[in-house]
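Below, chains carry the letters A, B, ... as their sequence lines are ordered, and counting in each starts from 1. Quick note: numbers below take in every heavy atom, side chains included, and nothing from hydrogens, waters or symmetry partners.
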Protein chains: 2
Amino acid sequence: MPKRVDHEAVRQEIAEALWRIASQRGLDGASLREVAHEAGISLGRLQHYFASKDDMLVFASNHISELADRQIRARLAGAFPDRPPTPYELLRVCLRGMLPLDDNTRTGILVQIAYFSRAVRDARMREPARKGIPPLLTWFAELLRTAVDRGEIAADRDLGAEAMLLLALTDGLTTYTLLDVHEAERAAELVDYHLGRLFQGRADTH
Amino acid sequence: MPKRVDHEAVRQEIAEALWRIASQRGLDGASLREVAHEAGISLGRLQHYFASKDDMLVFASNHISELADRQIRARLAGAFPDRPPTPYELLRVCLRGMLPLDDNTRTGILVQIAYFSRAVRDARMREPARKGIPPLLTWFAELLRTAVDRGEIAADRDLGAEAMLLLALTDGLTTYTLLDVHEAERAAELVDYHLGRLFQGRADTH
DNA sequence: CACCTTCCAAGTCAGTTGTATTGGAACCTT
DNA sequence: AAGGTTCCAATACAACTGACTTGGAAGGTG
């Protein structure tokens with residue numbers, strides 16, 4: 001077999017070129033030629049690695065989800081080098097990681113929004129979200145359960161509801177941050193405010 | 001002067017045709033020809049009323065904002081025919097009106113998302129949101145202030161923060177509703193849960 | 001009635017799009 | 001070294017886009 005090329009590596013580079021363009025012009029504004037040019041390759045090469053534009057979009061979606069996931073995990077691992085983190089700390093770092101506080105995350109969110117605006121109209125593109133969110137919610141709820149056991153959260157809270165509220169709240173604040181209604185730092189403050197209310201036993205910990 | 005045609009009426013009809021298409025195919029998927037066909041007119045007629053596609057998009061954006069605003073006000077007025085509503089009731093009806101609980105509202109939200117996904121990349125399209133949200137937040141905060149005075153909300157709450165949280169929360173829940181993570185009714189329940197927590201003095205009122 | 005402005009349908013145009021085709025270079029295997 | 005497969009650049013193509021031009025119908029006004 002001739003000419004060995006790392007398919008996956010090329011596809012990832014193309015996906016990242018798409019990423020850069022989609023964050024500025026949206027998914028519809030990203031033509032194959034433009035993505036190829038941004039990736040520094042010819043249209044022919046790009047087409048050799050993706051049979052259709054849809055193929056490229058789907059692959060890039062998965063690739064970007066993986067990157068975001070890896071980034072959050074790295075952040076979580078790096079934030080607590082020695083001391084094991086409390087549920088409060090874990091949640092706070094995780095939620096902050098979803099806010100557009102730095103340029104990298106901000107760009108990633110813009111791409112997610114480009115996919116989101118297509119997913120609300122296309123059931124096929126909704127699948128990744130539909131499958132990925134429940135585990136996250138379960139993890140949130142488990143953290144909250146631990147916090148209740150530690151006496152940091154009132155026992156009468158509905159943890160499944162609180163988990164969903166945390167997620168929705170953070171996303172909503174991101175929305176209004178990107179619309180320039182308030183600064184990203186303000187969104188972070190509001191998440192802290194909400195978390196402080198939830199963790200009444202340690203409301204003094206910011 | 002010859003041939004009087006109600007310009008505004010024609011423009012509104014075109015805007016509503018755009019609305020129908022954009023909710024299914026997005027703003028980029030709505031070509032002038034398709035909008036004209038949906039409106040039951042020729043491309044030439046459409047172009048007579050809008051100098052450019054951008055013109056049409058901007059007009060439709062304003063028109064749709066007005067419609068949504070009017071619908072919320074009508075709902076508020078109709079929900080309490082005789083008895084003057086409490087702050088809790090007002091907030092609840094208003095927030096419920098922002099959730100995709102019926103097909104009409106759902107379609108409207110899909111159009112808003114189409115505009116939103118463009119606004120996050122185009123500062124010019126951010127202006128309407130940037131200007132429109134603060135008054136809404138102020139109104140929310142005023143309602144909350146009244147509720148505090150009535151002893152329905154704890155005095156140590158940050159009302160500005162709570163107002164923003166309510167808005168962000170509702171938007172975030174709408175997001176996950178449209179992604180099929182949960183049902184619209186579940187989103188409504190979660191809003192009620194949050195409101196019930198906020199209005200501790202009357203947590204029994206659903 | 002004659003006139004003139006508004007209105008609008010049809011067609012044209014240059015540009016861009018995703019996809020398909022072609023031809024040959026690169027390179028591993030036998 | 002021969003052969004066959006992978007790789008990829010160039011080109012072509014049909015479809016569609018937004019914008020523009022043209023010609024004439026509609027219908028008040030003088």
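As a whole-Å value, the separation of Ile14(A) CD1 from dG18(C) C1' is 15 Å. Summarising the geometry, the separation between CG on Leu43(B) and P on dC7(C) is reported as 17 Å, rounded to the nearest angstrom. One can place CZ of Arg45(A) at 20 Å from C1' of dT21(C), the figure rounded to the nearest angstrom. As rounded to whole Å, 4 Å separates atom P of dG18(C) from atom CG of Leu32(A). The nearest whole Å value for the distance from the CE atom in Met56(B) to the C1' atom in dA19(D) is 13 Å. Counting to the nearest Å, the P atom of dG18(C) and the OH atom of Tyr49(A) are 20 Å from each other. dT17(D) atom C1' lies 19 Å from atom CZ of Phe50(B), rounded to whole Å. Whole-Å rounding puts the Leu46(B) CG to dG18(D) P distance at 10 Å.
Checking the phosphate oxygens (OP1, OP2) of dC7(D), a side-chain nitrogen or oxygen of His48(A) falls inside 4.0 Å. Contact check, His7(A) against dT6(D): no side-chain N or O comes under 4.0 Å of OP1 or OP2. Phosphate contact (OP1/OP2 of dT17(D), side-chain N/O of Ser31(B), threshold under 4.0 Å): present.
For Gln47(A), whose side chain is taken as the heavy atoms from C-beta onward, the closest listed nucleotide among dG18(D), dA20(C), dC8(D) is dA20(C). Listed candidates were dG11(C), dT17(C), dC8(C). Nearest to the side chain of Ser42(B) is dC8(C).
Ion pair Arg70(A)/Glu66(A) flagged as a salt bridge, since at least one NZ, NE, NH1 or NH2 atom sits closer than 4.0 Å to an Asp/Glu carboxylate oxygen. Checked for salt-bridge contact, Arg145(B) and Glu142(B) miss the test: no charged N lies under 4.0 Å from a carboxylate O.
Classification of the Phe199(A)-Tyr88(A) ring pair by plane angle, with boundaries at 30° and 60°, yields perpendicular.
Asn62(B) has its side chain within reach of Val58(B): a pair of non-hydrogen atoms, C-beta onward, lies under 4.5 Å apart.
Between Arg33(A) and Gly44(A), the one whose closest nucleotide on DNA chain D sits nearer the 5' end is Gly44(A).
From Phe116(B), atom CZ reaches atom CG of Leu178(A) across 6.0 Å, with rounding to the nearest 0.5 Å.
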